[in-house]
Each structure stands twice: as structure tokens, then as C-alpha cells.
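Since the structure comes first, as C-alpha cells, the remarks are kept for the end.
On a predicted model such as this, the values are computed, not experimentally measured, just so you know.
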Amino acid sequence: MLEPALFFWSTQQHQRLIEYWENFILVIETLEGNQIHVIKPVIPKLNILFDSAVSDTEDIWLLNPSWLMCIYKRMFESENKTLSKEGIIHLLDMFCERSLPGSPVCLEFIIGPLMDAVSESAIFSRSTGQLSGACPLLAMKFETFLATFVSSLSEENKGDFLLKLLKRMTSRNWCAVPILFISKALGALPQCRAWGAEGLLLLREVLQCTMTTHQILFRGAAQCFLLQAALKLTDVEKVSFSDISIFLMYLKSEESLCKGSHLWNELCTWLCNNDKLFKKSIGIECAHDKKRSSLSMFTQSLAEDYLKVPPSKGDNELMPDWFESRLVATMILLAADVEILRHSKTDRATNELTEMKCFLIPLLETLSKLNTNAYMPTLKTDKSLQLLLKLLQLCSPSSVPNVSDWHLDFLWNFVMTAASNIMEFILRRISGELKTIVDIERCDLYLAILSEFAKLSLRLGWKRNPSVWSFAFSMMTASIKNLQHCNDKQYPDITDQVQKVVSMAVLALVCQIASSAYEHQLETFDFANVLCKFLVSAKLNNVLAKPTNNDERFVDETSSQGWGKIVARYLHDQWVCMHFVLKHLNNFSTLESVKSSVLACHFDTPTATLQLALDALSIIPSDQALPILNCMKQLVPTVTLSSESLCVESINVAWKMISSLCSTQLVFWPNLKAFVEFVFSNEVLSSAASSKDQVFAQIKKLIQEIIEMSYSKMGVFQVLVSFCCQLWTDQSKRSIKESALCYAKDYIEILIEACTFGTVFRRDQRLIQDIHIFIESLGKDCAANLAVKSINRDEHYVRTTAIGFLCLLDGSNSLHKEFLEDFIVRLLDKDELVSKTKTRYYGNSLQHRVKNRLWQTILILITKLHQNFVSGIIKRIFQAGFSNNQASVKYLIEWVIILVLHQHPELLHQFWNCFCNTEEKLKTSVCTFLSVLPHFDVVLENVSDKVPSLKHAIVTVLQWCFNHNFSVRLYALIALKKLWPMCKEYTQEFEALSPVIESSLLQLESLQGGGNARKNWLRIQEHFFFSTFHPIKDYSIETIFYTLPSLSELIEDEWIPCYKFSDCGSFHWNTLLPLTNSRIMISTQNQSDWLQQDIGVEINEMDSTTEWADIQKKIIPWKNSIPDLNLEIFQHRAAKLGKSSGSLIVVASLIDKPTNLGGLCRTCEIFGASALVVDGLHHVNDKQFQYLSVSAEQWLPLIEKKPSQLLGYLQLKKTQGYTIIGAEQTAKSLNLTEYNFPEKSLLLLGNEREGIPANLIQHLDVCVEIPQQGIIRSLNVHVSGAVLIWEYTRQHILKQTK
């Protein structure tokens, strides 16, 4: 059906059309403002526009939907992302809540502008009220919308729409967040046959888009969702197994499609259910076997064809691409799992083994002949080993733990028959046959096979002789011989250099294998002794000289990889071997002479070896430096005292290298960990602390630099804090090592900063953090969580780790006591520093959060302190109560005071002194001290004679019940109400006060009416702190770090749930400070129940009407204020870009702030000034100027005059008949109310700070000042200008009216 014309008029629909266009123009005009608080009230008008545009009786559009789409497009393109988000959500709701007629315009709009709008990451930020880790509101709405819209389409149109959608997704480089949630929406669509091979091809292109982000978990999750979309929306009759297999290769097993996951099983079920429906591949249909599945026959054919290779091309055979081996391996494992689903339990085992044998027989035949068939093409050996490696890697149980994998057991047993041939072949090849640059990559393949064999032999056992360790030992000895032979040559050629690289790579791998053997305490060959013999004679940092021959082969082969990378790898492998020797030196069981020679070489003069490590760091690429850092971990502690300068240099060089790796995710973290382990080892820290010399100063400096880096790179400080806390803790005894605590006090700032650490995230950082948590919350439903090791570096773990460590401190231990007291004093010092830095601070500002974290830590430790020490710091705690604190900090300070007085009631006299300060000092803080008194029963719990203290409390409270400040009176009255029941237990002592207090409390309870007094009295009684909260029973980690912050308007970043404390290691939570709260009631409070502040109107009492009677609107200025005014002159002014019949020129060349200039520009345009003079036209491009001017510069002539040109400009205007008027307070200035502006007026405004210069005042005709009643000397220059411009305009409007 044709859509209505873009514009038409009908007398029958006269009223409906007028209403529609009036509302349309209103919305469009309001959108020009670009301010959400102005626009949001108008958005409900869109509902009325939809009502007018859609027929009430038929499923048709009465008015062309293009006009409505124009409004949404204007919102989408707004610079204000909040407005864009509001527009997107409104459009999605419209489609979901209303049954809108189909329209090509709407379909094109969804594919185009809507998809462009949702490509912005910022619009997926968490909405108000959403918890961290919740699915973003816009993502949920988009998912619902897409499902609703696709369901409304006819079957033939669904495919076309979804293909267009996929094409749109491939037309640009998407950010990780939008592509993730669009993929999720596609994966949640109802099942239908939407596309064939073309759709899978487009999905492959979309998958390539997801690979551009370094957020691995995001990539993996997007791949999972797109595979789910493929399973639901692919028409299986239009695709073949070949199409499916190629598509699956774009899903990485290490990121999404890991074996054993829910997604893998879902894929197997889909393949099994549709086995007979897939389009037959060429050649498979002819060989159809009714007893076997189509997938099995396809996979067998694939495996057979894979190993069919052309004759060998000689020694220069290139390595085959890994794509094909990964494809064949994946399909073999999928087909094997599908066979399990196809057969009943009785014959399942037989069938699955039969099928696996069919798939693997061609491979096994090839592997069995590797070492015996001298004529086997190199390409075939490479492809067979590639397939074997991929099968072993895909079957690896590391990704999905606790899942029995019969594939791996079967494959291992099957391969064992050819294992000896494979190992002998590899040994032969690395013993001298690898001669070209290409062979280095081939060597990597052989070593990867050996590594997998070693890992699996530890897990499953090696059932044949000789063992993998025997082969590894043989490869080590062969490689050492090769290296010794090549090193003897004075002019090595390219073959010799390649042999050296290969041999050193073999030694490095054997070291890794031998290390795992030592860890499993296996009886192995004497790897270490043999390697030691070689290292005694070998030179570290022995680099490869570039071959001197002119072999064209060398030039061709190194062009792709680069000789520099080969040299770096060779150097890297040397240090891997060195680290193995240094680490396992004490494990040597034989050849004491060799051991002594190694000791002499590397430990009697460790400075020489450390110097070699520094030399290596200066030449090796940063991403290859890890083994050198591991060696420095063994060497630096031995030279800390003997060679301080070298130790400092080592730390500096290593830290510079670490800093350079910041943007390289996969390399940075293991290198940072190794660096922290050698700099902050027990030996280095203790030695530096005892000497207090260069190394100590360098470590102190380094701590600050690590903290500084952590503010821009999440997770850095956590590496240091977790390592130190684990290092200083005896995990077996769950206690702190006293030996570590002796020097830990010299590095106490690590824990101080850790307890107060937590960045105020940028929006993009918070978004990444939230979506990480969301994906992880999906658990096993998202296979990426199984495939990808968690890399969400939550900053909360810095604090939880530090708090867990501090909770192990024992106040009865003298060493612990000293550490605790020093720690508390430093916390109080930091609190005073923060308070002095900013006496008033905003809620959720960095100062607020730091103070909150600081007092949380004090609250945790205060019960561990001795009385003498508490007596010394109590005044400082009270002094903190006098500060101007945010609500959450007030609660913590009050809680600390209650606990201190509960444990040490003898300090009560100092508490009473707090009420004796001057009224000026108590003005903002007395409520803090009054809030302690409702919990006086807890304070006096351990006091035998309570009467004197209760009398003092009553007298104190009564004084404040008559304070002129309403809030103070309110807190005093609630304290009185809570104290009086305690006093009534001692009738005789309080008999005289009883009538007065009883009648006062009765009068309070009987307050009538709905005024603020009664409302606030009821609210404070229901206040959590005064009703359900108990300072002792609720003293727990949960209350302090989660419940209290969540109820005191702290941003959710500050809420730390209990599980993050239990995850921080094996720290023991003692009964004095339980992890969770035993009382359920504490979690049932509303946020407003906790707030200690007076809120005049409750949020739920506000008008929640969605459509307002009146809204802000762009208007013609005088239309409503002067009804009889002829508007033609103003319409003419607008048409002439701002020129009015009045001739006011505003000169603002002396003003330099863009905000003031932007505001003046807007004022001048609104009130019809003929021109605005500024010092430079560049201001119009300033964002602050544009924000205030809201496009006024487009309708107002702007003139550029530098301050130095003003005198000449003013004189020129005088000759043209203008009166030069200065806005300035002078001895002769006139009152604005008494001055009549000439028509041709030039208004000169002064500089924000200095006003109008004296040399210009002399040339003014008159100075005008604005009358004022207050004390402050002057108005803002923009406001002053606006008042003067309006007065000029008002006078001339009145003249025209008369």
C-alpha cells in the first residue's frame, strides 16, 4: 500500500492536521535548544504525533511517517548523548508498545539512522537505578524491539531485513560495546529461516569487525551471540557443511567455541537435528551411506582430502596455513560428538569409537611413517603434525574444568602407537635438517607437539618406551652439540645461524618441560647438570651476526619476519635457560664440581650476571624481556647491599621497560608481575629498609609511580598489593609473619594507599567495567566465560586484599600493636590533609570517597587498639567530627565514637567537652555528637554506675532542644526520646525532670497536621541509624562496606559485596568482625531511611505526570509580553540576520572568557542588537561559547576588533553619530534607572577582572552603573551586559508603542 504524500491538507481533517503540525513545530523548535531538561518534557508530545499519524480503525499511516523519523534523526544527531539515548529509547518503546503499520520508511530508518545511533558506546552506559553488572537498559529495549519488529514482518521480508541489517553492520568499524549488544539481540531472535550462505558470509564479516577490539571477553561474547543467531536464523536447506565449517573457523576456540561448553553442545544438537536437511556437498551425495550421518561422511572426506598434497618442492617448502588444520580438527571433534547424540546409550560407545577411528586413520597412517618414509613430502609432514597439534589443543581440558573428555583419552591412546615415530622424526629434524629461515617456524611446530606430549604424559601417563623425557633429553644433548659446533665457526653462514636459533629454542623448551617435571617430583634425566655444563662455557647475550653471504634466499626469507626478531628470540631463549639454572640450582644431585663452577660463575660474582641482564634489557624488545626479569628476581636480592648503584639501575631500567608495555595487554601483565616479584621480594625490601639508602629511596619513589600508573590503567596497584600481602602472610597458619612485619612498617604507605584506593572512573572506564561484570554474570550461558580467563581487574580487590591483611593483625602482639598504632596515626594524618585541602566537598567527589574509605578502615581497626593509645588519639577523632562531612562519613565517625566509648567509657568526659565549644564551631557538627547519644545504652553497657553519665547526657541534650536551628533541635529531641527510657529505670534520680520531659515527648508525638515539622519528626524516628541499627550487632564487613554505602547515597562504585572479601585469599575472618551480617533487617532499609539530612519534599510526593501543562519553548521575544506590538520589524530583523530598527552596538573586545561571550551573543540576538564586537572571531568555534550561544552567532553580525584597535573604533563610531556608553562604576557614572538611551548607542563592557581601562574611560560620553542593594561590589559581566541591553530594548519598545 502506498504511503501518504509528504504533505497534504484536508478540510475534513482540519483540526487534526493543525494539532499535528503545531505539535510537530513545537518539538522541532525545542530540539534546537539541545538541553535535556528543556526537551524531556516535550518528548511525550511524540505520543500525540503518533496518535495523529496512525489510523484508529485501519492498519495504515494517515500522515507520512517521514516527519516523525525526522524528529528522531534530529535527536540521534544531537551532541548531547543523553538526548540521543532518550530518543532511541522512545523510538524503541513506540515500536514495542504500539502496533505500528508497516512502512518502507520505517524499515529504512531502522537500517540507517537508528543503527548509526546505536553505534555509540556511551549510550549503553548504566541507567539510573541499575546495579553494576546489569544489562544496560538500552540493550534490553533494543533486544525486545528487534524481536518485536522482526516478528511483525512477513516470512519473505524477514530475511531481506536481516540481511540488510548485517550489511549495515559490516559497513563500518564498530566499537566493542555496540557490536556486543546488537549481536546479543540477533542471538535472541525467534527461530526462523532468514538466510542461507549469503547470511553466513555476512556474519563472517561481522565477526571480523569484532576482532578489532583488545577486550578479549567482549570479542568472545559477541562471537557466542552471533553463533546463536546463525543457529536460529540459517535456512539449513540453503547451506552445506562446507559453508558451516568455514563460518565456524571465524569463531576462536580460545575465545568462544570451546569444546564442552553449552554453546558447543548447542551446536552439536543443531547439526544432529538437521543432518539430513543440509545442502549436499559435491562428491558426498554419491557416497551416501544410510547407516552414517551426512556430517560423518563430510568430515571423513575432509580429513582424507586434507592429507592429499602435491609432490615436494624441495628444501624451500613454505609452512601451510593453519586455517585448514583448525577447520579439519574442529569438524572431527564436532562430528564425533554428534555421533554420541545420534545413537542410543547401548551402542553409543561402539559407534563413537568407530567414527573417530574413521576420521583419524588417514592421520595415523601418515604419522606412523614420518620417520621411515624418506620420500614423504615436507608439506604432508607439516600438515599431519599441524592437525595433530590442533586436535590435542582443542581437546585440552583447561578451558572447561571438571568435564570428562573421552576424545582426549581416545586420541592420546590412538596417537601413542605412533608417538615414537613422531618423536624420532622431530629429533632427526632438529639435529641438523632445519637450515632455512622458514624452518624456524617449522621448529615451532615440532616444539609445540613436544610440549603437548609432555603435558599430557603428566596427566594421562606415557605408556610406551622410550618416554617423552628420554626424547627431551636426547634433543637437549643434540642441540648443545649443534650450538658448540656452530660457535666454533669463524664465518657462519645462514644455515649455521638457523641451526643456532633452532637449537637454543629446543633448549628453552626442554627447560620448561624439565621445570614441570621437577614440580611433579618425577624421576627425570639430569637436565640441569647437562645444561649447567654448557652454560659454564657459553656466553650470555651471545647475539647472531647477520650472515655475510649474498645468498638471495636469505634476503627473500627474512623480508617477512625480519632478522631482528630472530635475534631477539635467540637472546630470549638464552635467558630462559639461565633462569632454569638459577631457579633449580639447589636441585642438582650430582656433579658437585659442575655446581661449584656455576656458583662461581653466576653467584660469587652476581653483579656481572646482573650487568649482563641489564645489557640484555637494553637490546631486547620489551615483549621478549620476561625471562630476563625472572633472572633478575634471583640475582637482585644478592646484590642489594653489595652493589646498590647496580640494584637501583636494575630497578630503573626494568620499570622503564614495564612502562613502555602499558598498551600491550597480553605482554604487560606477566612482565609487571615478574617486576613486582623481584623488586618487592623479602630480601630486597628487608635489605633496603635496614640500610635506608639508595635502593630504599628508589623503592619509595617506585611505589608512588605504580600508584600513579594505576589511576590510568586498572589493575596495576592490585598486582603490588596482592603480592605484598601474600608475601607478608603465613598462609598455612593464617597469620602475619613477624619477620615480614619488621620491615613492612617502612613500606606502610602501600597499605595506606590500598585502603583508600579507588579511582573516580571516567565514563568509558566505568562502561567497560560494567559490561565485563555483566558478561561474567551470564556464567556458563556465555561460552566466552569458559574460554577466556577472567581479565576483569576490579579495583575493589585492592581494598579487600588490604583489609583482609589488616584484619589478621593482633593487638595483643607487641609488634602488631606498634604497626597498628602507626597505621592509625597515618590514616588520621591523611584525613586532616584531605580536610585541609578542601574544607567543603561535593557528594561522591574524590575527596568524599577517600574520606569514606579512610574512616571505614579506622572503623575496622579501632577495636584492636589499646586504651593508652586511644586516649592519645581520641581528640583527633572528635576533631574529625567537627569537620564539614558528607553523610556517609558522618555515620562512620559516629560509629567509631560509639565503639571507642563502649570499650573505653572512662573517655566520656572528653566526649562531653565536645559540646562546650563555641556555637560557631558546633554549628555544623553538633548533630554528629548528638547522634551518638541515641546509642548511649551501648556506650554504658560496661559501666556499673550509669546514673551520673545519664544525668550528664540528659542535661546536655536538653540544652540543645531549645536551639534556634530546627535540625539541631530535631537531633536533640530524638536523642532525648532514646535516652529517657534508660533514665526511667532510675526513678528516684530523675523524678524532678520526669513531668517536663514526659509532657514534652507527649506533645511531640501528638503533633497534628501535614507540616514539615511533623513529617521530619516522623522521618527521623524511622531513620535507620536511630531505629534498627545496632553498633555492636551490626558490626560486620557487610554493613561497613556494602549496606552503609548503599543507604547513604554513595555511588555504586563504593559498594563492595561480601564475596569480594572472601575471594581475596585465605584470610581468616575472626568472630570480632564477621564477614556477613546476621541480622536480615539491615538489608531491607530504603536509601532515604539512612540519610541524615532534611529533605523538604519526598521524591514520591512529586508530580509524576508525564505530560506537563506548560513547557519551555523558543519564542519570538515580544509576542506574549506586548500583545499589540507590530512584529513585522522583528521578522524583518530575523530575515536580515539580526538587524533591528534599533542601533545598539555591544562592544565586548575586553572580555576574554568564552562562556561570557557566548551568553552575551545569545542576549544580543534575542534583544535585537545590531552587532556584537569581540576581540577575535575564533571564539565562535569554542565549545563553551557554542554551549551558551545556542547558535545565536548564526543570526547576529559579529565584528572583530582587538583591544588595541578599540580607541580608533570608538572615535569612528562617534563620527557616525553613536553615543559611547561605558558599563562602569565611576565618580560621575549615572544610575541606570535615570538614564535614557539614545537610539544610536554603543555599549562598551569591561574586562571581567579589571573593568574598562582608564585610557578608554576618557573617551566615553557617559558611564552607567546598575543600582544594587547587596554588599558584593559588582555583577558578572554577562549579567551586567544583559541588564543594560534589556533596559535599552525596553525603552525603545515603549517609544515604538507610543
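- Taking the six-membered ring wherever Trp is involved, the centroid distance between the rings of W412 and F453 falls below 6.0 Å.
- Side-chain contact check for S296 and E339: at least one donor-acceptor pair (N or O, by modelled atom type) lies under 3.5 Å.
- For the salt bridge (Lys or Arg N to Asp or Glu O under 4.0 Å) with E237, the qualifying choice from K276, K280, R193 is R193, the only one to do so.
- S151 and T148 form no side-chain donor-acceptor contact under 3.5 Å, judged by distance and modelled atom types alone.
- Within a 6.0 Å radius of CZ in F323, more than 12 heavy atoms belonging to other residues, nucleotides or ligands are found.
- Ring pair H772/F218 is tilted by interplanar angle, where 30° to 60° counts as tilted.
- L389 places a side-chain heavy atom less than 4.5 Å from the side chain of E452.
- A cation-pi geometry, defined here as NZ or CZ lying under 6.0 Å from the six-membered ring centre and within 45° of its normal, holds between K383 and Y306.
- Looking at K164, K167, K238 one by one, the single match for salt bridge (Lys or Arg N to Asp or Glu O under 4.0 Å) with E198 turns out to be K167.
- Around NZ of K232, the count of heavy atoms belonging to other residues, nucleotides or ligands within 6.0 Å exceeds 12.
- Legend: residues meeting ring pair (Phe, Tyr, Trp, His ring centres under 6.0 Å) with F247, ordered by chain and number and at least two apart, are absent.
- Counting only heavy atoms from C-beta outward, the side chains of D337 and C268 approach each other to under 4.5 Å.
- Among residues two or more places apart in sequence or in another chain, the ring pair (Phe, Tyr, Trp, His ring centres under 6.0 Å) test is passed with F149 by F95, F145, F161.
- Side chain to side chain, W195 and T234 meet the donor-acceptor criterion of an N or O pair below 3.5 Å.
- Remark: the backbone N or O of G779 is paired with a side-chain donor or acceptor of N785 at under 3.5 angstrom.
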